[in-house]
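Along the sequence shown, residues are numbered consecutively beginning with 1. As the structure is a computational prediction, the values presented were derived from the model and not from experiment. All values below come from the heavy atoms of this structure, side chains included, with hydrogens, waters and symmetry mates left out. Order of listing sets the numbers, starting from 1, for every ligand and every atom in it.
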Amino acid sequence: MSELFTEGTSIEDDRAPAGPIEERWDKRRFGGRLVNPANRRKMSVIVVGTGLAGGSAAATLGELGYHVKSFCYQDSPRRAHSIAAQGGINAAKNYRNDGDSIQRLFYDTVKGGDYRSRESNVYRLAQVSVEIIDQCVAQGVPFARDYGGLLDTRSFGGVQVSRTFYARGQTGQQLLLGAYQALERQVAAGTVEMFARHEMLELIMVDGVARGIIARDMVTGEIETHTADAVVLASGGYGNVFFLSTNAKGCNVTATWRAHRKGALFANPCYTQIHPTCIPQSGEHQSKLTLMSESLRNDGRVWVPVKKDDTRKPADIPEDERDYYLERIYPAFGNLVPRDIASRAAKNVCDEGRGVGPGGLGVYLDFADAIARLGRDAVAAKYGNLFEMYERITGEDPFEVPMRIYPAVHYTMGGLWVDYDLQSTIPGLFVIGEANFSDHGANRLGASALMQGLADGYFVLPNTISDYLAKGPLEKIGDDHEAVVEARDSVRDRIEKLLSIDGDRTPDSFHRELGAVMWEYCGMERTDAGLRKAIDRIRELRQEFWTRVKVPGENEELNQNLEKAGRIADFFELAELMCIDALHREESCGGHFRAESQTPDGEALRDDERFAYVAAWEYTGHAPVLHKENLEYEYVKMTQRSYK
Ligand SMILES: Cc1cc2nc3c(=O)[nH]c(=O)nc-3n(C[C@H](O)[C@H](O)[C@H](O)COP(=O)(O)OP(=O)(O)OC[C@H]3O[C@@H](n4cnc5c(N)ncnc54)[C@H](O)[C@@H]3O)c2cc1C
């Protein structure tokens, strides 16, 4: 493997204070320097991204009095991908009195992440979760309420309490509207300047420090320079490297990848979450997969026929010929096992030839029992919009026949490495939300991404960034500064190169092929031989891309092919790093399942002796350099994860 990467010095997070874990966040806030309100007005911060992480951060920094420039590639900030989030947001409120606590949310998250996340960060996340709900309720987010008017909750995978707050199947939308209103209030107040339809294509670094971005106006093609005292990336996840995923089509890695190329370490790129409950792919023409929220597993029962190749209609298969395999294998958590476990179990039964639907790539998610127990109206009240969405896409009514579901790429736990302050290895570059390598270790629990995005944006970043900004205001950077000119020229050169190839293949055709390689070899199950094959194929494809891609049109117009081509070029480089990361991690953990490392009953087998670290990769232009951050567990004992 040594030809693929080299190993460098270890890396450490020196920002989390020592001492009792429950006091660390308070200590850090007290220890950090502050910027007085009059000085804040003189400082500027660029925030790339207007999803839950970026929207909440920009609004909060604006409210604090900083001058904020907020960017997104959509036509409106409220169309960020966060709007698609369905099921809910976790918080350790313990309104149900069912044994929940900050300690339990912390424990569930560390365990759920298969002991590959940082204890200090996860504990802080659990603490802040409580404040998020209060903040959102104050904004008017219409969370579901119970009969008595109190906030309602439901359960998500990997936990035995009910701590997920929700707004039907539109939680992301409602939360994003809350953040968006807060953001627009600041736009009106003049503290936030909004740049919609702008795509960040390069990071500006001056003397080793992040000082701005180069962005393309996606309507006119103008290449713009924006400088600031600090840059925050909240650009979301990179699941679309697989082409087919539940992510919005626009989700991409460009913002973080450009920063990686400039020196920000990229952590755990191979940790991808495959969500067990998505509508199965229906054909080759498809460009997107649809999630059916995990919340459905509160009431839906997952099953397949006991017999192989059983093509009878589900209603014709009697109870004793059905295998409710999650309830059978994992009686303690049943249908609510975490996503990595449920996904692999679905793959296993399909590999055995017991899958249902076209191609045998599906399992049933059946609501018959819930409808009989609760009544149709109660089920409709909880999941109505999800049922409707399913029916529109498949033409089948889940009130009458079980849903068919299959795992699909959904979320990326990897991302830019950040310390406890959410600062990357580039001073002045902060990374929040799904874009950082986050608090979820090797597997994110359901309803925890919204929690993390809002924790970062409303509460953590606004506190930690002041410690950095207290050094400022930094010297102003002119558009003619050497580093700015270099960054701008590199963006122009790349665009020109993409437009000039004039080959015979569309950007999409490359993306589709890259995605198929990634799904086959770096998807639900990975092997040494498969990953090596993938790396070779990705390199060949990338070369072909740079000689055969055809990007019609020009830069000075709305040109979606040009946008796609730039993103796909970055996906190629990321894909190779993902495979190298997956190859070097010769253990199974969470969403990363190495076929060579499993227990006798087929569960993921970790190797804590060799791999209890965050793998943070440095870009070199050739073989990347691996820096390890060792993970230590003082408060949660590392054990083999069991949901049985
Ligand atoms: C279908 C679906 C359902 C989900 N349901 C849930 C759920 O119920 N609960 C839960 O906790 N999680 C859920 N998740 C996960 C969760 O929605 C995401 O992890 C989260 O919303 C990410 O938020 P974010 O702010 O980090 O990024 P995003 O919401 O993805 O926002 C990214 C922002 O960055 C901008 N951007 C990106 N690149 C650039 C660039 N180069 N230049 C300019 N702007 C850029 C985009 O325009 C956008 O504004 C779901 C995910 C999916 C796919």
Report yes or no: does a heavy atom of [X] sit under 4.0 Å from some atom of ligand 1?
| X | answer |
| --- | --- |
| Met451 | no |
| Thr254 | no |
| Cys251 | no |
| Ser448 | yes |
| Asn247 | yes |
| Leu52 | yes |
| Ala84 | yes |
| Gly237 | no |

Would you check whether [X] has a nitrogen or oxygen atom less than 3.5 angstrom from a nitrogen or oxygen atom of ligand 1?
| X | result |
| --- | --- |
| Gln86 | yes |
| Leu450 | yes |
| Met200 | yes |
| Ala449 | yes |
| Glu199 | no |
| Ser82 | yes |

(message) Nearest non-hydrogen contact with atom 1 (C) of ligand 1 belongs to which option: Leu454, Thr50, Leu291?
(response) Leu291

(message) If you take the nearest heavy atom of each of Ala179, Ser235, Gly457, Gly51, which one is closest to atom 37 (C) of ligand 1?
(response) Ser235

Side chains of [X] and [Y], donor plus acceptor under 3.5 Å:
| X | Y | answer |
| --- | --- | --- |
| Asn555 | Arg216 | yes |
| Ser245 | Asn240 | yes |
| His67 | Glu193 | yes |
| Gln452 | Asp456 | yes |

Show the atoms of ligand 1 that are less than 4.0 angstrom away from any heavy atom in [X].
| X | answer |
| --- | --- |
| Gly49 | 33 (C), 34 (O), 35 (C), 49 (O) |
| Ala53 | 25 (O), 26 (O) |
| Gly87 | 7 (C), 8 (O) |
| Thr246 | 1 (C), 53 (C) |
| Ala85 | 3 (C), 4 (C), 5 (N), 6 (C), 7 (C), 13 (C), 17 (O) |
| Gly433 | 26 (O) |
| Glu434 | 18 (C), 19 (O), 22 (C), 26 (O) |
| Ala234 | 32 (C), 33 (C), 34 (O) |

Heavy-atom contacts under 4.0 Å between [X] and ligand 1: side chain, backbone, both, or neither?
| X | value |
| --- | --- |
| Arg444 | side chain |
| Ala248 | neither |
| Glu294 | neither |

(message) Can you confirm if the NZ or CZ of Arg339 lies within 45° of the ring axis of Tyr411 and under 6.0 Å from the centre of its six-membered ring?
(response) no

(message) Within 45 degrees of the ring normal and closer than 6.0 Å to the centroid, is that where the cationic atom of Arg116 sits relative to Tyr271?
(response) no

Charged N to carboxylate O below 4.0 Å: is that the case for [X] and [Y]?
| X | Y | result |
| --- | --- | --- |
| Glu396 | Arg404 | yes |
| Lys249 | Asp508 | no |
| Arg118 | Asp419 | no |
| Arg96 | Asp100 | no |
| Glu388 | Arg392 | yes |
| Arg185 | Glu63 | yes |

(message) Under the criterion side chain to side chain donor-acceptor pair (under 3.5 Å), I'd like the reasoning laid out for Asn385 against Gln86: C-alpha separation, chi angles, the key distance, then a yes or no.
(response) CA-CA 10 Å; Asn385 70 311; Gln86 300 174 349; over 6 Å; no

(message) Can you confirm whether or not the ring centre of Trp257 sits under 6.0 Å from the ring centre of Phe571?
(response) no

(request) Starting from atom 45 (C) of ligand 1, find the nearest protein heavy-atom neighbour and note its residue, name and distance. (result) Tyr73 CD2, 3.6 Å

(request) For atom 7 (C) of ligand 1, find the nearest protein heavy atom and state the residue, atom name and distance (0.1 Å precision). (result) Gly88 O, 3.7 Å

(request) Using the six-membered ring wherever Trp is involved, compare the ring planes of Tyr383 and Phe367 and label them parallel, tilted or perpendicular (cut-offs 30° and 60°). (result) tilted

(message) Quick check against the 3.5 Å criterion: does Ser82 have a side-chain atom that pairs as donor or acceptor with the backbone of Leu52?
(response) yes

